[in-house]
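Source: prediction; values computed, not measured.
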There are 2 protein chains.
Amino acid sequence: MNTPKDAVQPGGEPVAQARAFSSHDHTLCSGHALALAEEMAQERNLRLTPVRRRALEILLEAHRAIGAYEVLERLSEEGFGKQPPVAYRALDFLVDHGFAHRIRRLNAFVACGHPGEDHAPIFLICRDCNAVAEAEGGPVRNALDAAGAAVGFVVERASIEAVGQCPSCASVAA
Amino acid sequence: MNTPKDAVQPGGEPVAQARAFSSHDHTLCSGHALALAEEMAQERNLRLTPVRRRALEILLEAHRAIGAYEVLERLSEEGFGKQPPVAYRALDFLVDHGFAHRIRRLNAFVACGHPGEDHAPIFLICRDCNAVAEAEGGPVRNALDAAGAAVGFVVERASIEAVGQCPSCASVAA
DNA sequence: GGTATTCATGTTATATTATCACATTCCTAT
DNA sequence: ATAGGAATGTGATAATATAACATGAATACC
Ligand SMILES: [Zn+2]
Ligand SMILES: [Zn+2]
Ligand SMILES: [Zn+2]
Ligand SMILES: [Zn+2]
(Lines give C-alpha, C1' and ligand atoms only; values in the text may rest on other atoms or scores of the structure.)
(Ligands and ions follow the chains in the order given, each with its own letter.)
Protein backbone atom coordinates (compact mmCIF):
# COMPACT_ATOMS: atom_id res chain seq x y z
CA MET A 1 0.00 0.00 0.00
CA ASN A 2 0.92 3.59 0.14
CA THR A 3 1.46 3.53 -3.57
CA PRO A 4 1.56 7.18 -4.47
CA LYS A 5 -1.04 6.53 -7.12
CA ASP A 6 -1.95 10.09 -6.99
CA ALA A 7 -4.05 9.55 -10.05
CA VAL A 8 -7.76 9.04 -9.85
CA GLN A 9 -9.96 6.18 -8.85
CA PRO A 10 -11.47 4.35 -11.80
CA GLY A 11 -15.15 4.20 -11.05
CA GLY A 12 -15.63 7.86 -10.31
CA GLU A 13 -18.51 9.76 -11.86
CA PRO A 14 -17.88 13.50 -12.10
CA VAL A 15 -14.16 13.61 -12.42
CA ALA A 16 -13.89 16.47 -9.97
CA GLN A 17 -10.32 17.65 -10.09
CA ALA A 18 -10.71 17.95 -6.40
CA ARG A 19 -7.15 18.75 -5.60
CA ALA A 20 -6.84 22.09 -4.00
CA PHE A 21 -7.32 24.67 -6.68
CA SER A 22 -4.27 25.89 -8.47
CA SER A 23 -1.07 24.31 -7.31
CA HIS A 24 -2.21 21.29 -5.40
CA ASP A 25 -0.40 20.53 -2.20
CA HIS A 26 0.43 16.90 -2.58
CA THR A 27 2.40 16.60 0.58
CA LEU A 28 -0.56 15.30 2.48
CA CYS A 29 -1.92 12.89 -0.07
CA SER A 30 -2.96 9.37 0.68
CA GLY A 31 -0.01 7.54 2.08
CA HIS A 32 1.67 10.32 3.89
CA ALA A 33 -1.51 11.69 5.39
CA LEU A 34 -2.40 8.28 6.64
CA ALA A 35 0.93 7.81 8.33
CA LEU A 36 0.51 11.20 9.90
CA ALA A 37 -2.91 10.23 11.16
CA GLU A 38 -1.48 7.07 12.70
CA GLU A 39 1.04 9.14 14.56
CA MET A 40 -1.57 11.57 15.77
CA ALA A 41 -3.79 8.79 16.98
CA GLN A 42 -0.89 7.36 18.95
CA GLU A 43 -0.11 10.65 20.63
CA ARG A 44 -3.68 11.35 21.53
CA ASN A 45 -4.50 7.84 22.53
CA LEU A 46 -7.19 7.50 19.94
CA ARG A 47 -8.10 4.15 18.51
CA LEU A 48 -7.67 4.30 14.79
CA THR A 49 -9.16 0.89 14.19
CA PRO A 50 -9.26 -0.92 10.86
CA VAL A 51 -12.66 0.42 9.75
CA ARG A 52 -11.76 3.89 10.79
CA ARG A 53 -8.39 3.77 9.13
CA ARG A 54 -9.85 2.35 5.97
CA ALA A 55 -12.61 4.98 5.93
CA LEU A 56 -9.96 7.66 6.15
CA GLU A 57 -8.00 6.03 3.36
CA ILE A 58 -11.09 6.01 1.22
CA LEU A 59 -11.59 9.71 1.75
CA LEU A 60 -7.96 10.41 1.04
CA GLU A 61 -7.89 8.36 -2.13
CA ALA A 62 -11.13 9.84 -3.39
CA HIS A 63 -9.59 13.22 -2.99
CA ARG A 64 -12.97 14.83 -3.07
CA ALA A 65 -16.08 14.98 -0.93
CA ILE A 66 -17.98 11.72 -0.89
CA GLY A 67 -21.18 10.62 0.78
CA ALA A 68 -21.51 8.21 3.67
CA TYR A 69 -23.18 5.61 1.50
CA GLU A 70 -20.39 5.71 -1.01
CA VAL A 71 -17.90 5.13 1.78
CA LEU A 72 -20.10 2.36 3.09
CA GLU A 73 -20.13 0.64 -0.28
CA ARG A 74 -16.37 0.56 -0.40
CA LEU A 75 -16.06 -0.60 3.17
CA SER A 76 -18.52 -3.41 2.73
CA GLU A 77 -16.74 -4.54 -0.43
CA GLU A 78 -13.71 -5.07 1.73
CA GLY A 79 -15.31 -7.18 4.36
CA PHE A 80 -16.54 -4.60 6.82
CA GLY A 81 -20.15 -4.28 7.81
CA LYS A 82 -22.79 -3.54 5.24
CA GLN A 83 -25.10 -1.30 7.23
CA PRO A 84 -25.20 2.48 7.39
CA PRO A 85 -24.05 2.79 11.01
CA VAL A 86 -20.75 1.24 10.03
CA ALA A 87 -19.97 4.15 7.77
CA TYR A 88 -21.54 6.83 9.91
CA ARG A 89 -19.69 5.76 13.00
CA ALA A 90 -16.35 5.68 11.30
CA LEU A 91 -16.97 9.04 9.68
CA ASP A 92 -18.21 10.57 12.91
CA PHE A 93 -15.05 9.44 14.59
CA LEU A 94 -12.91 10.97 11.88
CA VAL A 95 -14.82 14.24 12.00
CA ASP A 96 -14.87 14.40 15.80
CA HIS A 97 -11.13 14.06 15.94
CA GLY A 98 -10.24 16.32 13.09
CA PHE A 99 -9.20 13.73 10.51
CA ALA A 100 -12.03 14.71 8.22
CA HIS A 101 -14.65 17.38 7.73
CA ARG A 102 -18.30 17.26 6.96
CA ILE A 103 -19.57 19.34 4.05
CA ARG A 104 -23.14 20.07 4.96
CA ARG A 105 -24.07 21.54 1.66
CA LEU A 106 -23.21 18.29 -0.06
CA ASN A 107 -24.15 15.84 2.67
CA ALA A 108 -20.64 14.56 2.24
CA PHE A 109 -17.30 14.13 3.91
CA VAL A 110 -13.78 15.07 2.95
CA ALA A 111 -10.40 14.21 4.43
CA CYS A 112 -8.81 17.05 6.31
CA GLY A 113 -5.85 18.64 4.58
CA HIS A 114 -4.20 19.70 7.80
CA PRO A 115 -4.94 17.09 10.40
CA GLY A 116 -3.90 17.95 13.90
CA GLU A 117 -3.23 21.56 13.18
CA ASP A 118 -6.17 23.12 15.01
CA HIS A 119 -7.24 25.21 12.08
CA ALA A 120 -10.38 27.11 11.12
CA PRO A 121 -11.26 25.70 7.74
CA ILE A 122 -13.56 27.07 5.12
CA PHE A 123 -14.69 25.12 2.11
CA LEU A 124 -14.81 26.27 -1.48
CA ILE A 125 -17.11 24.20 -3.63
CA CYS A 126 -16.96 24.52 -7.40
CA ARG A 127 -20.37 24.61 -8.97
CA ASP A 128 -19.04 23.17 -12.22
CA CYS A 129 -16.62 20.39 -11.32
CA ASN A 130 -17.75 19.80 -7.75
CA ALA A 131 -14.24 20.04 -6.43
CA VAL A 132 -14.02 20.94 -2.77
CA ALA A 133 -11.02 22.85 -1.50
CA GLU A 134 -10.28 23.36 2.14
CA ALA A 135 -8.87 26.81 2.65
CA GLU A 136 -7.49 28.74 5.54
CA GLY A 137 -10.36 30.50 7.27
CA GLY A 138 -8.78 32.25 10.19
CA PRO A 139 -9.81 35.76 9.20
CA VAL A 140 -13.28 34.61 8.22
CA ARG A 141 -13.69 32.91 11.53
CA ASN A 142 -12.52 35.98 13.36
CA ALA A 143 -15.08 38.08 11.56
CA LEU A 144 -17.72 35.53 12.43
CA ASP A 145 -16.76 35.52 16.09
CA ALA A 146 -16.96 39.30 16.09
CA ALA A 147 -20.37 39.30 14.44
CA GLY A 148 -21.60 36.89 17.06
CA ALA A 149 -20.10 38.86 19.90
CA ALA A 150 -21.88 41.96 18.63
CA VAL A 151 -25.18 40.35 19.64
CA GLY A 152 -23.86 38.50 22.66
CA PHE A 153 -23.48 35.17 20.95
CA VAL A 154 -20.49 32.96 21.64
CA VAL A 155 -19.46 31.00 18.58
CA GLU A 156 -18.26 27.50 19.37
CA ARG A 157 -18.27 25.78 16.01
CA ALA A 158 -18.93 27.02 12.53
CA SER A 159 -19.56 25.73 9.08
CA ILE A 160 -18.47 28.11 6.40
CA GLU A 161 -19.08 26.89 2.90
CA ALA A 162 -18.88 28.82 -0.33
CA VAL A 163 -20.22 27.82 -3.71
CA GLY A 164 -18.68 29.40 -6.77
CA GLN A 165 -16.31 28.77 -9.60
CA CYS A 166 -12.86 27.33 -9.24
CA PRO A 167 -10.01 28.83 -11.24
CA SER A 168 -9.65 25.93 -13.61
CA CYS A 169 -13.33 25.92 -14.50
CA ALA A 170 -13.25 29.68 -14.84
CA SER A 171 -10.46 29.51 -17.40
CA VAL A 172 -12.25 26.81 -19.35
CA ALA A 173 -15.39 28.89 -19.41
CA ALA A 174 -13.49 31.88 -20.74
CA MET B 1 -56.23 36.12 7.55
CA ASN B 2 -53.35 38.31 8.32
CA THR B 3 -54.36 38.31 11.92
CA PRO B 4 -51.35 39.80 13.61
CA LYS B 5 -51.34 37.00 16.14
CA ASP B 6 -47.73 37.62 16.76
CA ALA B 7 -47.77 35.11 19.58
CA VAL B 8 -46.54 31.57 19.27
CA GLN B 9 -48.05 28.42 17.96
CA PRO B 10 -49.35 26.04 20.61
CA GLY B 11 -47.93 22.66 19.66
CA GLY B 12 -44.27 23.62 19.53
CA GLU B 13 -41.73 21.31 21.10
CA PRO B 14 -38.50 23.03 22.17
CA VAL B 15 -39.74 26.46 23.01
CA ALA B 16 -36.83 28.11 21.26
CA GLN B 17 -37.04 31.76 22.08
CA ALA B 18 -36.12 32.19 18.49
CA ARG B 19 -36.50 35.92 18.32
CA ALA B 20 -33.25 37.58 17.52
CA PHE B 21 -31.10 37.42 20.59
CA SER B 22 -31.33 40.26 23.00
CA SER B 23 -33.68 43.02 21.95
CA HIS B 24 -35.84 41.34 19.39
CA ASP B 25 -36.75 43.41 16.40
CA HIS B 26 -40.45 42.90 16.17
CA THR B 27 -40.98 45.32 13.36
CA LEU B 28 -40.84 42.55 10.82
CA CYS B 29 -42.97 40.04 12.61
CA SER B 30 -45.75 38.12 11.04
CA GLY B 31 -48.28 40.55 9.76
CA HIS B 32 -46.02 43.35 8.78
CA ALA B 33 -43.42 41.13 7.18
CA LEU B 34 -46.08 39.46 5.18
CA ALA B 35 -47.43 42.74 3.89
CA LEU B 36 -43.91 43.71 3.00
CA ALA B 37 -43.46 40.50 1.11
CA GLU B 38 -46.64 41.13 -0.82
CA GLU B 39 -45.34 44.49 -1.87
CA MET B 40 -42.02 43.07 -2.92
CA ALA B 41 -43.66 40.36 -4.95
CA GLN B 42 -45.71 43.00 -6.74
CA GLU B 43 -42.69 45.07 -7.63
CA ARG B 44 -40.67 42.14 -8.86
CA ASN B 45 -43.51 40.48 -10.65
CA LEU B 46 -43.30 37.35 -8.54
CA ARG B 47 -46.29 35.17 -7.94
CA LEU B 48 -46.80 34.93 -4.22
CA THR B 49 -49.57 32.36 -4.54
CA PRO B 50 -51.67 31.05 -1.65
CA VAL B 51 -49.44 28.09 -0.78
CA ARG B 52 -46.34 30.21 -0.98
CA ARG B 53 -47.87 32.98 1.07
CA ARG B 54 -49.12 30.56 3.64
CA ALA B 55 -45.75 28.82 3.83
CA LEU B 56 -44.13 32.15 4.49
CA GLU B 57 -46.72 32.93 7.15
CA ILE B 58 -45.98 29.62 8.81
CA LEU B 59 -42.29 30.41 8.95
CA LEU B 60 -42.98 33.87 10.27
CA GLU B 61 -45.35 32.67 12.94
CA ALA B 62 -43.03 29.88 14.02
CA HIS B 63 -40.38 32.48 14.51
CA ARG B 64 -37.73 29.82 14.43
CA ALA B 65 -36.23 27.38 11.95
CA ILE B 66 -38.60 24.59 11.01
CA GLY B 67 -38.31 21.61 8.73
CA ALA B 68 -40.05 21.09 5.43
CA TYR B 69 -42.22 18.32 6.80
CA GLU B 70 -43.41 20.48 9.63
CA VAL B 71 -44.40 23.13 7.15
CA LEU B 72 -46.06 20.48 5.04
CA GLU B 73 -48.10 19.26 7.95
CA ARG B 74 -49.48 22.70 8.58
CA LEU B 75 -50.15 23.34 4.93
CA SER B 76 -51.99 20.09 4.46
CA GLU B 77 -54.11 20.77 7.55
CA GLU B 78 -55.31 23.85 5.78
CA GLY B 79 -56.37 22.21 2.59
CA PHE B 80 -53.22 22.36 0.55
CA GLY B 81 -51.54 19.32 -0.87
CA LYS B 82 -50.34 16.54 1.38
CA GLN B 83 -47.20 15.48 -0.45
CA PRO B 84 -43.62 16.63 0.17
CA PRO B 85 -43.20 18.50 -3.12
CA VAL B 86 -45.91 20.90 -2.01
CA ALA B 87 -43.76 22.09 0.86
CA TYR B 88 -40.44 21.87 -0.89
CA ARG B 89 -41.64 23.84 -3.87
CA ALA B 90 -43.09 26.61 -1.77
CA LEU B 91 -39.97 26.75 0.38
CA ASP B 92 -37.67 26.71 -2.62
CA PHE B 93 -39.56 29.62 -4.03
CA LEU B 94 -39.24 31.56 -0.82
CA VAL B 95 -35.54 30.83 -0.56
CA ASP B 96 -34.83 31.57 -4.20
CA HIS B 97 -36.41 34.97 -3.91
CA GLY B 98 -35.02 35.94 -0.56
CA PHE B 99 -38.14 35.61 1.57
CA ALA B 100 -36.58 32.84 3.58
CA HIS B 101 -33.29 31.13 4.22
CA ARG B 102 -32.26 27.54 4.42
CA ILE B 103 -30.29 26.45 7.48
CA ARG B 104 -28.26 23.54 6.25
CA ARG B 105 -27.05 22.49 9.61
CA LEU B 106 -30.61 21.93 10.77
CA ASN B 107 -32.19 20.83 7.51
CA ALA B 108 -34.63 23.62 8.16
CA PHE B 109 -35.95 26.92 6.92
CA VAL B 110 -36.39 30.29 8.52
CA ALA B 111 -38.15 33.45 7.39
CA CYS B 112 -35.79 36.20 6.35
CA GLY B 113 -35.55 39.10 8.74
CA HIS B 114 -34.68 41.60 6.05
CA PRO B 115 -36.50 40.59 2.92
CA GLY B 116 -35.57 42.51 -0.17
CA GLU B 117 -32.54 44.12 1.32
CA ASP B 118 -29.84 42.22 -0.57
CA HIS B 119 -27.94 41.29 2.52
CA ALA B 120 -25.23 38.79 3.39
CA PRO B 121 -26.73 36.90 6.27
CA ILE B 122 -25.01 34.66 8.76
CA PHE B 123 -26.85 32.41 11.17
CA LEU B 124 -26.25 31.97 14.84
CA ILE B 125 -27.68 28.77 16.22
CA CYS B 126 -27.95 28.28 19.96
CA ARG B 127 -26.90 24.81 21.04
CA ASP B 128 -29.17 24.99 24.09
CA CYS B 129 -32.43 26.55 23.01
CA ASN B 130 -32.12 25.99 19.26
CA ALA B 131 -32.91 29.59 18.53
CA VAL B 132 -31.64 30.78 15.18
CA ALA B 133 -30.72 34.42 14.73
CA GLU B 134 -30.00 35.98 11.39
CA ALA B 135 -27.18 38.47 11.75
CA GLU B 136 -25.45 40.91 9.51
CA GLY B 137 -22.61 39.12 7.77
CA GLY B 138 -21.11 41.74 5.48
CA PRO B 139 -17.64 41.65 7.00
CA VAL B 140 -17.66 37.88 7.24
CA ARG B 141 -18.66 37.60 3.64
CA ASN B 142 -15.93 40.00 2.62
CA ALA B 143 -13.36 37.93 4.43
CA LEU B 144 -14.72 34.83 2.72
CA ASP B 145 -14.56 36.44 -0.70
CA ALA B 146 -10.97 37.42 0.01
CA ALA B 147 -10.04 33.94 1.15
CA GLY B 148 -11.51 32.54 -2.03
CA ALA B 149 -9.79 35.11 -4.21
CA ALA B 150 -6.47 34.16 -2.63
CA VAL B 151 -6.72 30.79 -4.36
CA GLY B 152 -8.47 32.02 -7.48
CA PHE B 153 -11.94 31.00 -6.40
CA VAL B 154 -14.91 33.24 -7.09
CA VAL B 155 -17.51 33.00 -4.36
CA GLU B 156 -21.06 33.19 -5.64
CA ARG B 157 -23.11 31.96 -2.70
CA ALA B 158 -22.21 31.07 0.83
CA SER B 159 -23.67 29.43 3.84
CA ILE B 160 -22.20 30.67 7.05
CA GLU B 161 -23.61 29.05 10.13
CA ALA B 162 -22.32 29.19 13.67
CA VAL B 163 -23.26 26.99 16.57
CA GLY B 164 -22.74 28.32 20.06
CA GLN B 165 -24.54 29.78 23.00
CA CYS B 166 -27.00 32.62 22.85
CA PRO B 167 -26.84 35.36 25.48
CA SER B 168 -29.98 34.32 27.29
CA CYS B 169 -28.86 30.73 27.64
CA ALA B 170 -25.43 31.90 28.71
CA SER B 171 -26.91 33.94 31.54
CA VAL B 172 -29.07 31.07 32.66
CA ALA B 173 -26.06 28.75 32.71
CA ALA B 174 -24.11 31.24 34.82
C1' DG C 1 -4.44 -14.77 35.07
C1' DG C 2 -9.38 -13.55 36.05
C1' DT C 3 -13.03 -10.42 35.93
C1' DA C 4 -15.62 -6.12 35.51
C1' DT C 5 -16.14 -2.36 32.55
C1' DT C 6 -15.95 0.12 28.67
C1' DC C 7 -15.60 0.66 23.84
C1' DA C 8 -16.19 -0.95 19.14
C1' DT C 9 -18.55 -3.52 15.65
C1' DG C 10 -22.32 -5.57 13.56
C1' DT C 11 -27.33 -6.33 12.53
C1' DT C 12 -32.34 -5.24 11.87
C1' DA C 13 -35.41 -1.87 11.56
C1' DT C 14 -37.01 2.67 11.03
C1' DA C 15 -36.87 7.71 10.81
C1' DT C 16 -36.01 11.80 8.31
C1' DT C 17 -35.13 14.52 4.35
C1' DA C 18 -35.60 15.18 -0.58
C1' DT C 19 -36.57 14.29 -5.52
C1' DC C 20 -38.76 12.10 -9.78
C1' DA C 21 -42.42 11.58 -13.02
C1' DC C 22 -46.62 12.62 -14.58
C1' DA C 23 -51.60 14.53 -14.77
C1' DT C 24 -54.31 18.54 -14.19
C1' DT C 25 -55.33 23.19 -13.55
C1' DC C 26 -54.53 28.02 -13.75
C1' DC C 27 -52.42 32.21 -15.75
C1' DT C 28 -50.79 34.90 -19.21
C1' DA C 29 -49.83 36.52 -23.58
C1' DT C 30 -50.63 36.65 -28.00
C1' DA D 1 -59.83 31.79 -28.04
C1' DT D 2 -56.16 29.55 -27.66
C1' DA D 3 -51.42 28.14 -27.19
C1' DG D 4 -47.57 28.09 -23.99
C1' DG D 5 -45.82 28.14 -19.70
C1' DA D 6 -46.14 28.07 -14.73
C1' DA D 7 -48.13 26.15 -10.59
C1' DT D 8 -50.29 22.54 -8.03
C1' DG D 9 -51.37 18.04 -6.92
C1' DT D 10 -50.52 13.00 -6.69
C1' DG D 11 -48.09 8.46 -6.09
C1' DA D 12 -43.78 6.51 -5.93
C1' DT D 13 -39.11 6.31 -4.67
C1' DA D 14 -34.44 7.99 -3.63
C1' DA D 15 -31.06 9.55 -0.44
C1' DT D 16 -29.54 10.50 4.07
C1' DA D 17 -29.40 9.38 8.96
C1' DT D 18 -30.45 7.31 13.51
C1' DA D 19 -32.49 3.97 17.10
C1' DA D 20 -32.14 -0.21 19.52
C1' DC D 21 -30.02 -4.14 20.66
C1' DA D 22 -26.61 -8.29 20.47
C1' DT D 23 -21.98 -9.74 20.21
C1' DG D 24 -17.13 -9.32 20.52
C1' DA D 25 -12.59 -6.97 21.54
C1' DA D 26 -9.79 -4.00 24.28
C1' DT D 27 -8.71 -2.09 28.85
C1' DA D 28 -8.49 -1.56 33.73
C1' DC D 29 -8.18 -3.43 38.06
C1' DC D 30 -7.30 -6.75 41.32
ZN1 LIG E 1 -9.02 20.48 7.96
ZN1 LIG F 1 -14.29 23.65 -11.01
ZN1 LIG G 1 -32.29 37.38 5.36
ZN1 LIG H 1 -30.18 29.80 23.67
Side-chain angles (χ1 to χ4, degrees), chain A residues 13-14 38 41-42 44-56 58-59 62 65-97 99-110 130 159 161, chain B residues 13-14 37 41-42 44-59 62 65-97 99-110 130 132 159 161:
Chain A
E13 299 82 36
E38 299 265 21
Q42 279 278 329
R44 307 193 184 179
N45 217 28
L46 299 174
R47 292 159 71 177
L48 190 55
T49 61
V51 222
R52 292 168 175 175
R53 179 201 331 276
R54 188 57 192 131
L56 177 53
I58 288 168
L59 291 184
I66 61 184
Y69 279 77
E70 199 175 340
V71 172
L72 175 60
E73 197 184 336
R74 311 271 217 102
L75 287 174
S76 65
E77 282 170 3
E78 301 175 25
F80 296 102
K82 296 174 159 41
Q83 305 304 323
V86 169
Y88 281 103
R89 285 197 285 234
L91 291 167
D92 287 348
F93 170 88
L94 296 175
V95 169
D96 285 349
H97 296 93
F99 297 109
H101 298 289
R102 185 172 202 151
I103 311 297
R104 306 211 83 109
R105 226 171 153 108
L106 303 177
N107 291 325
F109 301 81
V110 68
N130 270 122
S159 36
E161 301 172 0
Chain B
E13 298 84 34
Q42 279 278 331
R44 307 192 185 181
N45 217 28
L46 300 174
R47 291 159 71 177
L48 190 56
T49 60
V51 223
R52 292 168 174 174
R53 178 200 332 275
R54 187 58 192 133
L56 177 53
E57 262 183 318
I58 288 167
L59 292 184
I66 61 183
Y69 279 76
E70 199 176 340
V71 173
L72 176 60
E73 197 185 337
R74 310 274 215 101
L75 287 174
S76 65
E77 283 170 4
E78 301 175 26
F80 295 104
K82 295 174 160 40
Q83 305 303 322
V86 169
Y88 281 102
R89 285 196 287 234
L91 291 167
D92 286 348
F93 171 88
L94 296 175
V95 169
D96 285 349
H97 296 94
F99 297 111
H101 298 289
R102 186 171 201 152
I103 311 297
R104 306 212 80 111
R105 209 154 174 125
L106 304 176
N107 291 325
F109 301 81
V110 68
N130 269 124
V132 175
S159 36
E161 301 172 1

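Taking all atoms of both residues into account, the shortest heavy-atom contact from Val95(B) to Phe109(B) is CG2-CD2, 3.9 Å. For Leu48(B) against Phe93(B), the heavy-atom pair with the smallest separation is CD1-CE2, 4.1 Å.
Nucleotide dT16(D) holds its P atom 16 Å from the CZ atom of Arg105(A), rounded to whole Å. A straight line from CD of Glu70(B) to C1' of dT16(C) spans 13 Å, rounded to a whole angstrom. dT16(C) atom C1' lies 16 Å from atom CZ of Arg104(B), rounded to whole Å. Rounded to whole angstrom, the span from the CG atom of Asn45(B) across to the C1' atom of dA7(D) amounts to 15 Å. Separating the CG atom of Leu48(A) from the C1' atom of dA8(C) is a distance of 13 Å, rounded to the nearest angstrom. If you measure from atom NE2 of His97(A) to atom C1' of dA8(C), you get 13 Å, rounded to the nearest angstrom. For the pair Glu73(B) CD and dT17(C) C1', the computed distance is 15 Å after rounding to whole Å. Taking atom CG on Leu75(A) and atom P on dT9(C), their separation rounds to 11 Å, with Å as the unit.
Not one side-chain nitrogen or oxygen of Asn107(B) sits closer than 4.0 Å to the OP1 or OP2 atom of dT16(D). Neither OP1 nor OP2 of dA8(C) sits under 4.0 Å from any side-chain N or O of Arg53(A). Taking only side-chain nitrogens and oxygens, Tyr88(B) comes nearer than 4.0 Å to OP1 or OP2 of dA18(C). When the side-chain nitrogen and oxygen atoms of Arg47(A) are compared with OP1 and OP2 of dC7(C), none of them lie within a distance under 4.0 Å.
Counting heavy atoms from C-beta on, the side chains of His97(A) and Arg44(A) never come closer than 4.5 Å. In this structure, Glu161(A) and Glu161(B) have side chains that are not in contact, with every pair of non-hydrogen atoms separated by 4.5 Å or more.
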Show each protein N/O and nucleotides 9-11 of chain D N/O combination with a separation under 3.5 Å, one pair to a line.
{"unit_1": "dG9(D)", "atom_1": "N7", "unit_2": "Arg89(B)", "atom_2": "NH2", "d": "2.2"}
{"unit_1": "dG9(D)", "atom_1": "O6", "unit_2": "Arg89(B)", "atom_2": "NH1", "d": "3.1"}
{"unit_1": "dG9(D)", "atom_1": "O6", "unit_2": "Arg89(B)", "atom_2": "NH2", "d": "3.4"}
{"unit_1": "dT10(D)", "atom_1": "OP2", "unit_2": "Lys82(B)", "atom_2": "N", "d": "2.8"}
{"unit_1": "dG11(D)", "atom_1": "OP2", "unit_2": "Gln83(B)", "atom_2": "NE2", "d": "3.1"}

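Comparing Phe93(A) and Arg102(B) against DNA chain C, the residue whose closest nucleotide sits nearer the 5' end is Phe93(A).
Between the side chains of Ser159(B) and Arg104(A), no donor-acceptor pair is found at a separation under 3.5 Å.
One N or O donor and one acceptor, one from the side chain of Tyr69(A) and one from the base of dA17(D), sit under 3.5 Å apart.
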